[in-house]
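Reviewing the structure listed below.
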Protein chains: 2
Amino acid sequence: MGDKIRLEEEDKGMLESVLGHEAFSFLIWSASNKVPDEFRPKTKDLGVQDGLHKILEGSDWNYAIFWQVSNSKSGKSALVWGDGHYKEPKGSEVHENRGENVRKRMVLQKLHSWFKGHEEGNLQLKTDLVSDLEMFYLTSRFYLFPFDKSSSPSQSFNTSRSVWVSDAESCEEQYQSRSFLAKLSGFQTLVLVPVKKGVLEIGSFKSIPEDHGFATSVKTLFNECHPKGLPKIFGQELSLGGGSGGGAKAGPISINFSPKVEDELDFGGESYGIQSNRVYSGNSSNGHRIDPGMNHVIGGVLNSQPIISALDQSNQDSNLMDRKPRKRGRKPANGREEPLNHVEAERQRREKLNQRFYALRAVVPNISKMDKASLLGDAISYITDLQSKIRIMEAEKEVNIRPEVDFMARKDDSVIRVSCPLDDHPVGRVIKTFREHELVVNDTNVSTTENGKVIHTFLFQALGDAAAAEQLKEKLDSAFPE
Amino acid sequence: MGDKIRLEEEDKGMLESVLGHEAFSFLIWSASNKVPDEFRPKTKDLGVQDGLHKILEGSDWNYAIFWQVSNSKSGKSALVWGDGHYKEPKGSEVHENRGENVRKRMVLQKLHSWFKGHEEGNLQLKTDLVSDLEMFYLTSRFYLFPFDKSSSPSQSFNTSRSVWVSDAESCEEQYQSRSFLAKLSGFQTLVLVPVKKGVLEIGSFKSIPEDHGFATSVKTLFNECHPKGLPKIFGQELSLGGGSGGGAKAGPISINFSPKVEDELDFGGESYGIQSNRVYSGNSSNGHRIDPGMNHVIGGVLNSQPIISALDQSNQDSNLMDRKPRKRGRKPANGREEPLNHVEAERQRREKLNQRFYALRAVVPNISKMDKASLLGDAISYITDLQSKIRIMEAEKEVNIRPEVDFMARKDDSVIRVSCPLDDHPVGRVIKTFREHELVVNDTNVSTTENGKVIHTFLFQALGDAAAAEQLKEKLDSAFPE
DNA sequence: ATCAACACGTGACAC
DNA sequence: TGTGTCACGTGTTGA
C-alpha cells in the first residue's frame, strides 16, 4: 500500500502547513490505500442541491454538506461525500498574501490529482483568491468517515442524535482531524443532523444557538422531500423553524433535550462526583421517584466497552462528606464507624447500577412501565426484536443480488447467460412501466462506461401526444420512490 | 380481496375434510389475497437439493423442507418454500380406500390451480396412491410463514434457536395449522434448524431423540456448503453427527440444552414455584454465584410485552413454607410476624429482577464480566450497536437499487436511458470478470421472460483451450460467493 | 387499610 | 487484609 503517493520533503511540508497535520495524514492515508475506490459514490446527483441551497440562502449558515452512507465490497460502510454547497458571508473580502494563496492552490491541485477519477469536475474556484472557507469545503470533498472508526458524523448517524455546538472550542473538538482548517475558517457553530441516508453537516461563522425546530425540519425535509420537485414547502418550513414537521416517526432514541452541550460530549453514566450528588440532594427533598432519569446525564453514547472501567476515582472529595443523611431506608443506628466505608461502597455500587438503568431506559423505546423489571423485560424483547430484524435483513441481502450464471463453451464460441429476477434488476421497474403502458420497444442496448456504470438504452416510437409522454415520465419518476 | 376463489359448498366440505380446517382456511386466505404473489420465490434452484437428499438417505428422516427468507415489495418478510425432498419409509404400503384417494387428488389439483404461476412443474406423484406424507409434503409447498405472524419456523429463524420435538403431541403443537395432515401422517419428530437464509424443517415418523451434533452439522453445512460442488464432506459430517462442525460462529443465543420441550413453549422467566426453589436450595449449599443462569429456564422467547404481567399467583402453596431460611443477609431478628408478607413480596420482587437479569445475559453476547452493572453496560452498548447496524443497513438498502432514469421525448421517437452503478448491477461481476480475462464480447442481448426474469446473453469467441475455459468458468462461479 | 416498588444498611462470600 | 458484589430484611413512600 502507498505506492502511488511519492512526496518530496518540501511538498510534504507545504501540504502539512496548509492542511494541518491531522488532515494531511488522513488524506495521505486515504489516498495511498485507495479508500475512496472502495467506497465509491454510488449514485451521483442526489437531488439535494436545492435543499442545500435553501438552507444557506438568507441565513447565517456558511456551508452545508450531505454525507451519504455507502458500503464497500468488503461489507464495510462509511459516510462519503454526497453533495455540498457553501457561500461566503456577504461583506467579507478575502485579502491574503500571495504566497499563501499560491500554496493553497497547489495543495488543492495535488489533492485533486490524488483522488482523480472520483471527482471528474475539476476544481473551479469562485474567485481568484482561495478563502479559508473554500479551502475547508474543497478538502472536505476528499474526506470520508468509516463507521468502524469513531467520528462525529458517524456517531451522529449511528445514534441518530443531532449534534449542535455553538462555540469555537466545541467546534474544534467535533471537527476532529479537519479542525485545523475549520479553526482557520473560524467556524463557531457546527450542526450534524442525521437523516435517512446519511448525515447533514452545516456550519457557520457565527455562533447560532440551538434551534430544535431547525434540526427537525431539516431532518424531515431530507427524509421525505427527495423527489426533486416541490421545494415550495421547504423555504416555509425552514423560515418558521419547526412549526410543522413533528417527526411522528418516533425514532428509538430520544433527542437531546436541552441546549446543554455536554449531553453529547460527556460519556454518560460514569460521572459520579458532582452530578450524582446533585441528583441525590434534589430528590431527597422531593420524593424519590419522579423520573430521576430526566435529571441525569442521559445515557450518552456509551460507544464501547472500556467505559465500564474508569470510575472509582474522583469521589474522595468534599462532596463526599456532605451527603444528605438519606431519608429512606434503615435509620442510622450507627454504633460503630468501621462499616462506614462499606456503606459508602455499597452506596456507590447501587448508584452505578441505577446509572445503568437510566442509560438503558434511554436506549430502549416503548418502555411499558417505569418499573425496573419491566424495563429489563422490554429491553430483552427489544434486543430479540433487533436481532431478528438484523437476521432477516442479512438473509434478504444475501438472497437478493445473486443471479444464475450459465456458462456454455461451444466449438467456435462461448455463451454466458445471466438470469436475474425482474424485481431485483435495475431496469425491472422500467420494464414493468413499459408493460403497463403497452409500449413497444423498438431497440434496446446495454453499454458500460469507463467510470463503472451500466447504461441501458431503450428506444421506442413517439407517444400519441405530449400529455401521454408527460404521464409516462411521471410514472417513471414515481417508479423509483424517495 | 378474495375474488378469485369461488367454492361450491360441497367442494368446501371436501377440502376441509382432507386438509383439516386450519390448513384449509389458511390456504384459502393465502390464495385469495394472492399472498404468494407478493413474496415471490426470488431465486429458483438454490442448490440445496443435494443436501436435502443426503439428509434423508440412509436415515430415519422422512422429509426435509428448506424454507427460504423472502421479502415483499411492501417491505414485509416471510419464509417461503425454497426446496424440499421426501421419501416414504421402506416397508410401507399405502393401502387406502378409493374414495379417499380420489378426493386427495382433487384437492391437490384445486390447490395447484389456485397457486398456478408460482409452481410451474405440475404435480407428479410417485405412485398412484397418495400417501399421507405425500399429501402433507405437497400442500406444504403452498405454505408460507410471514414474520409478523407467529409461527414455529419464523420463531426459530428469529431467535436462531433450533427446535427439536420428538413426541407426537409436541409435533402437533409445532405444526400449528398444518397439524391435521401432520397428525394423519403420524410424525413423531420435528426439527427446525435456522440457517443463514432460512429455516430447515425435517420430520420423521419415528421418535428420534435430540442430537445436538446433527443440528449443528446441518446448520454449518447449509450455511457454508452452498457452492454446488464438493458435497463430499457432507455425507461424512452427517453420518458421524457433530464431530467436526463446532459452530465457532458463536451465535448470540444459546441453543436449548436439554430435550426438555418446555424451554420453547413455556414463556420463560415467570415460573416461580418449584423451579425457583430448586435453584435456591441448590445454590445455598454451594456458594451463591456459580452462574445460576445455567440452572434456570433460559429466558425463553419473551416474544412480546404481555409476559410481564401473569405472575403473583401460583405461589401460595406448599413450596412457600419450606423455603430455606436463607443463609445470606440479615439474620432473622424476627420479633413480629406482621412484616412476614412484606418480606416474601420483596423476595419475589428480587427474584423477578434476577430472572430478568438471567434472561438478559442469555440474549446479550460478549458479556465482559458476570457483574450486574457490567451486564447492563454491555447490554446498552449492544443495543446501540444493533441500532446503528440496522440504521446502516436500512440506509444502504435504500441507496442501493436506485438507478438514474433519463427520459427524452423527441419528434419521432423517444429514448430512455437507465444508468446504474456497475457494482449494483446483476451482471456487474460478470462484466468485471470479462475485463480481467480481457475477453472481447462479440454480441450481447437482453430479454425478459414471461415469468419475470431478465436474461443477459453474452457471446464471445472461443477461448484458447479447454483449460482457459475451465478457469473462466470457475472464476464466474466464484464471482457469486456462497 | 393494602400493595408495589425502592433505597438503605448489613452480613456473607470470593478473590 | 481489604475490596467488590450479592442477597436479605427493613423502612418509606405513593397509589
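Labels below follow one simple rule: chain letters A, B, ... track the order of the sequence lines, proteins then strands, and each chain is numbered from 1.
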Item to check | Rounded interatomic separation in angstrom, taking CG from A:Asn354 and P from C:dA5 | outcome: 16 Å
Checklist entry - Within this structure, what is the CE-to-P distance between B:Met370 and D:dA7, rounded to whole angstrom? => result 12 Å
Next on the checklist: If I take atom NZ in residue B:Lys369 and atom C1' in nucleotide D:dT3, what distance separates them, rounded to the nearest angstrom?
Outcome noted: 12 Å
Checklist entry - Tell me: CD of A:Glu351 to P of C:dA7, nearest whole Å? => result 10 Å
Checklist entry - Does a donor on one side chain and an acceptor on the other come within less than 3.5 Å for B:Glu210 and B:Ser166? => result no
Checklist entry - Which residue, B:Glu346 or B:Asp371, contacts DNA chain D at a nucleotide closer to its 5' end, judged by nearest heavy atom? => result B:Asp371
Item to check | D:dG11 base / B:His342 side chain donor-acceptor hit below 3.5 Å | outcome: yes
Checklist entry - Do B:Ser151 and B:Gln176 meet the criterion of a side-chain donor-acceptor pair at a distance under 3.5 Å? => result no
Item to check | C:dG9 OP1/OP2 closer than 4.0 Å to side-chain N/O of A:Arg347 | outcome: yes
Checklist entry - Which listed nucleotide (C:dA7, D:dC6, D:dT10) is nearest to the side chain of A:Arg349? => result D:dC6
Next on the checklist: Please evaluate residues B:Glu346 and B:Arg349 with respect to the criterion salt bridge (Lys or Arg N to Asp or Glu O under 4.0 Å), reporting the C-alpha separation (whole Å), side-chain torsions for both, the decisive distance (0.1 Å), and the verdict.
Outcome noted: CA-CA 5 Å; B:Glu346 175 64 14; B:Arg349 191 185 78 89; 3.4 Å; yes
Next on the checklist: Looking only at the side chain of B:Lys372 (C-beta and beyond, no hydrogens), which of the listed nucleotides D:dT5, D:dC6, C:dA7 gets closest?
Outcome noted: D:dC6
Item to check | Atom pair distance, as rounded to whole Å: CG in B:Leu353 and P in C:dC6 | outcome: 7 Å
Checklist entry - Whole-Å distance between D:dG4 P and A:Gln348 CD? => result 9 Å
Item to check | Interatomic distance, A:Glu344 CD vs D:dG4 P [rounded to whole Å] | outcome: 12 Å
Item to check | Geometric class of the A:Phe157/A:Phe147 ring pair [parallel <30°, tilted 30-60°, perpendicular >60°] | outcome: tilted
Checklist entry - Would you say a side-chain N or O of A:Arg350 is under 4.0 Å from OP1 or OP2 of D:dT5? => result no
